[in-house]
Amino acid sequence: MRRARYHAHGGPEVLVVEDADIPQPGPGQVLIRTEAIGLNYVDVQLRRETSPDSIWFRSLPGTLTGDVVGTVTAAGQDTDPALAGTRVAALLEDGCAEYVVADADWLASVPAQLSAGAASMLPTVGAVASGALRAGRVGHPDTVLVTAGAGAIGHLAVQLARQLGAGTVIATASSRAKLDFLKELGADVAVDHTQPGWAGQVRAAAPGGVDVALEAVGGEMLHESIELLAPFGRVVAYGASAGDLTSVPVRNLFALKTVTGFSLLAWRAAAAEQARASIAELTGLLETGRLRAAAETVLPLAEVVQAHRLLEDRAVLGRLLLVP
Ligand SMILES: NC(=O)c1ccc[n+]([C@@H]2O[C@H](COP(=O)([O-])OP(=O)(O)OC[C@H]3O[C@@H](n4cnc5c(N)ncnc54)[C@H](OP(=O)(O)O)[C@@H]3O)[C@@H](O)[C@H]2O)c1
């Protein structure tokens with residue numbers, strides 16, 4: 001089988017597609033034949049990072065995470081044999097391959113009629129969008145700000161915020177195409193954060209302040225999101241795509257502001273039933289078309305270098321899919 005790896009840190013060109021043996025599922029695991037792989041932006045950060053002190057540093061050879069959609073072809077010891085033949089989706093640390101091994105615990109069941117792109121949203125990006133909005137206690141008629149709103153997680157968060165009762169949804173992105181995409185998704189206001197004075201545009205749209213900001217860019221974007229909060233407003237920090245894990249001075253929170261965090265793995269560990277219920281809920285929303293899963297950029301596994309160029313250039317609307 002073929003799989004993607006990197007044997008040096010660096011730009012997209014360090015990625016290689018190589019031959020390998022099909023892995024064997026261990027106890028509690030299944031083997032999945034891959035139908036599609038949803039790529040994650042964090043792998044750009046992991047691939048580039050050379051400092052062992054960084055949270056994004058990974059030892060070599062490097063693997064790519066993936067939200068794999070596929071069919072179970074074998075169940076390991078102590079694993080339900082009835083899983084064989086079922087269509088599933090799973091988040092994997094080593095997910096960019098024609099066959100992958102996954103823990104049976106967190107397999108999302110995928111209905112036959114769901115597209116691979118939509119199914120790829122279930123394990124991670126949909127769950128993060130849903131969990132982070134809940135961590136921010138979004139309700140009616142909140143004003144919600146979603147930074148990187150045209151991204152894999154962001155484009156789902158924009159739509160889910162509305163479904164949770166948000167009165168006004170404001171989202172940021174970096175290009176005309178992304179701003180148009182945000183409006184298509186139902187954002188009331190789409191703001192180009194690369195333009196000076198972008199925060200002023202958010203203020204104009206939310207004169208009383210923002211009730212909840214979903215923030216995964218980090219650095220200045222996180223600080224600005226806190227500035228934009230209304231009294232009792234909440235920022236949910238769930239990533240740092242710009243690579244700046246900045247600190248927040250406590251004095252910036254005195255005006256009745258809260259910064260909370262969200263991690264999918266922490267959620268699964270702390271509230272497993274809630275996390276599983278969110279996947280079931282997302283499946284229903286995707287099946288009935290109430291949630292649009294944008295995964296129109298599809299490339300073959302052999303073009304993983306080009307795929308990572310697009311991710312790194314921030315040129316993807318929604319999610320990028322690889323197919324074996
Ligand atoms: N907490 C968790 O459990 C969890 C799980 C999965 C992922 N994450 C995190 O969630 C974030 C989003 O993941 P994703 O896969 O959905 O990625 P994504 O939003 O599809 O891609 C990242 C986007 O961030 C924006 N960005 C990147 N660098 C930036 C910079 N220097 N300044 C401003 N904006 C920048 C870009 O959007 P624009 O071009 O529009 O600016 C870029 O397209 C990542 O930080 C990831 O690590 C967290």
Side-chain angles (χ1 to χ4, degrees), residues 1-20 22 32-50 56-58 60-70 89-100 115-126 128 148-156 173-182 184 194 216-217 239-243 292-324:
M1 69 150 199
R2 292 171 311 149
R3 68 183 185 195
R5 283 272 187 287
Y6 51 98
H7 296 274
H9 295 109
E13 67 284 352
V14 300
L15 291 167
V16 289
V17 176
E18 58 190 27
D19 289 325
I22 293 177
I32 300 171
R33 188 178 61 243
T34 303
E35 176 186 330
I37 304 151
L39 295 191
N40 292 310
Y41 185 85
V42 71
D43 287 289
V44 169
Q45 295 174 283
L46 304 178
R47 166 174 56 65
R48 284 194 303 222
E49 187 56 64
T50 54
W56 288 293
F57 180 78
R58 293 292 180 277
L60 297 171
T63 61
L64 299 179
T65 73
D67 287 327
V68 170
V69 182
L91 164 63
L92 298 172
E93 285 282 323
D94 186 3
C96 224
E98 288 175 318
Y99 284 85
V100 294
S115 71
S120 82
M121 309 289 171
L122 294 172
T124 310
V125 295
V128 172
I153 295 170
H155 89 286
L156 299 176
S174 67
S175 69
R176 184 73 257 159
K178 286 185 172 182
L179 298 178
D180 291 344
F181 176 55
L182 288 172
E184 278 171 35
T194 66
V217 174
S241 295
R292 175 177 161 197
E296 278 95 46
T297 312
V298 183
L299 289 172
L301 174 61
E303 290 183 32
V304 67
V305 171
Q306 173 61 6
H308 259 240
R309 281 207 180 102
L310 293 174
L311 280 184
E312 191 149 343
D313 291 348
R314 297 154 59 173
V316 179
L317 301 184
R319 166 151 249 188
L320 194 153
L321 276 191
L322 284 185
V323 288

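Here H7 contributes atom NE2 and L15 contributes atom CG; the two are 10.0 Å apart, rounded to the nearest 0.5 Å. With rounding to the nearest 0.5 angstrom, the CD atom of E184 is 5.0 Å from the CZ atom of R292. Going from atom CZ of R314 over to atom NZ of K178 covers 6.5 Å, rounded to the nearest 0.5 Å. Here the CG atom belonging to L320 is positioned 11.0 Å from the CD atom belonging to E296, to the nearest 0.5 angstrom.
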For I37 and V100, run side chain to side chain contact (heavy atoms under 4.5 Å, CB included): C-alpha distance rounded to whole Å, both residues' side-chain angles, the deciding distance at 0.1 Å, then the answer. CA-CA 11 Å; I37 304 151; V100 294; over 6 Å; no
Worked verdict on H308 versus V44 for side chain to side chain contact (heavy atoms under 4.5 Å, CB included):
CA-CA 7 Å; H308 259 240; V44 169; 4.1 Å; yes
Notebook entry, point to check: Can you check side chain to side chain contact (heavy atoms under 4.5 Å, CB included) on Y6 and L46, steps first, answer last?
Noted result: CA-CA 11 Å; Y6 51 98; L46 304 178; 3.9 Å; yes
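Take R309 and apply the salt bridge (Lys or Arg N to Asp or Glu O under 4.0 Å) test, not counting sequence neighbours, and it matches no residue.
Side-chain atoms of V316 and L311, non-hydrogen and from C-beta on, do get closer than 4.5 Å to each other. H155 is not listed as a side-chain neighbour of L317, based on a closest heavy-atom distance of 4.5 Å or more. L321 is not listed as a side-chain neighbour of V69, based on a closest heavy-atom distance of 4.5 Å or more. Between R5 and T63 there is a side-chain heavy-atom pair separated by less than 4.5 Å.
Proximity of a side-chain donor or acceptor of Q45 to a complementary backbone N or O of A240 within less than 3.5 Å is detected. Listed for the T124 side chain is no donor-acceptor partner under 3.5 Å among the backbone atoms of L91. Judged purely by atom type and a 3.5 angstrom limit, H9 uses its side chain to pair as donor or acceptor with the backbone of R58. In terms of modelled atom types and a separation under 3.5 Å, the side chain of S241 and the main chain of V217 share no donor-acceptor contact. T34 places a side-chain N or O within 3.5 Å of a backbone atom of A97 that can act as its donor or acceptor partner.
The two atoms that bring F181 and A294 nearest to each other are CZ-CB, 3.6 Å, heavy atoms only. Nearest approach of V125 to S120, heavy atoms of both residues: CG2-O, 4.4 Å. Residue A4 comes nearest to L301 through the heavy atom pair CB-CD1, 4.3 Å, listed as atom of the first residue, atom of the second, then distance. The two atoms that bring L322 and C96 nearest to each other are CD1-SG, 3.6 Å, heavy atoms only. Across G10 and R47, no two heavy atoms sit closer than the pair O-NH1, 2.7 Å. Annotation for A118 and A293: closest pair CA-CB, 3.7 Å, computed over non-hydrogen atoms.
A salt bridge (Lys or Arg N to Asp or Glu O under 4.0 Å) check over residues 298-308, counting only residues at least two apart or in different chains, returns nothing. Contacts classified as side-chain hydrogen bond (donor to acceptor under 3.5 Å, both in side chains) and involving residues 35-44 (residues at least two apart or in different chains) are given here: E35-R87, N40-T65, N40-R319, D43-T65.
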